[in-house]
Amino acid sequence: MVNAIKGMFISCDVPMAQFIINYNASLPASHRFIIHILDNTHMFVQPHVADMIRNAISEFRDQISYEKPT
């Protein structure tokens, strides 16, 4: 018998994958979203977390972006 799980496939570079994995690990166990890590650049996650991941990435990029003082 086949056991199927609905999810979302993510393909990204290694640093972004590590960011997502660390973000997932920082959440409480009941809120973790990674279903399976396929390799260094691909993972399968729960489908309802797409916006949450995008927001976390956006906030991270804003924190590390340099803005020239005026």
What's the separation between atom OG1 in T41 and atom CD in Q18, rounded to the nearest 0.5 Å? 11.0 Å

If you take all heavy atoms of Q46 and R32, which pair is closest and at what distance? NE2-O, 3.7 Å

Would you say F9 ends up clustered with I37 if hydrophobic residues are merged whenever their side chains have heavy atoms under 4.5 Å apart, either directly or through other cluster members? no

To the nearest 0.5 Å, tell me how far H48 NE2 sits from K6 NZ. 12.0 Å

OG of S26 to NE2 of H31: how many Å apart, nearest 0.5 Å? 12.0 Å

A17 to C12 - nearest heavy-atom pair and separation: N-SG, 3.5 Å

Quick one: which of N24, I10, I35 gives a side-chain contact (heavy atoms from CB on, under 4.5 Å) with V45? I10

In terms of the angle between their ring planes, are Y23 and F33 parallel, tilted or perpendicular, with boundaries placed at 30° and 60°? tilted

Determine, using the 4.5 Å side-chain heavy-atom cutoff (strictly less than), whether L38 and I34 are members of one ILVMFWY cluster. no

If you count heavy atoms of other groups shown closer than 6.0 angstrom to NE2 of H42, is the number above 12? yes

Taking F44 as the starting point, is it possible to reach I20 by hopping between hydrophobic residues whose side chains are less than 4.5 Å apart? no

State plainly whether one hydrophobic cluster holds both F60 and M52, where clusters connect Ile, Leu, Val, Met, Phe, Trp and Tyr through side-chain heavy atoms under 4.5 angstrom apart. yes

To the nearest 0.5 Å, how far apart are CD1 in I64 and CD in E59? 12.5 Å

Between the side chain of S65 and the main-chain N/O of R61, is any donor-acceptor distance below 3.5 Å? yes

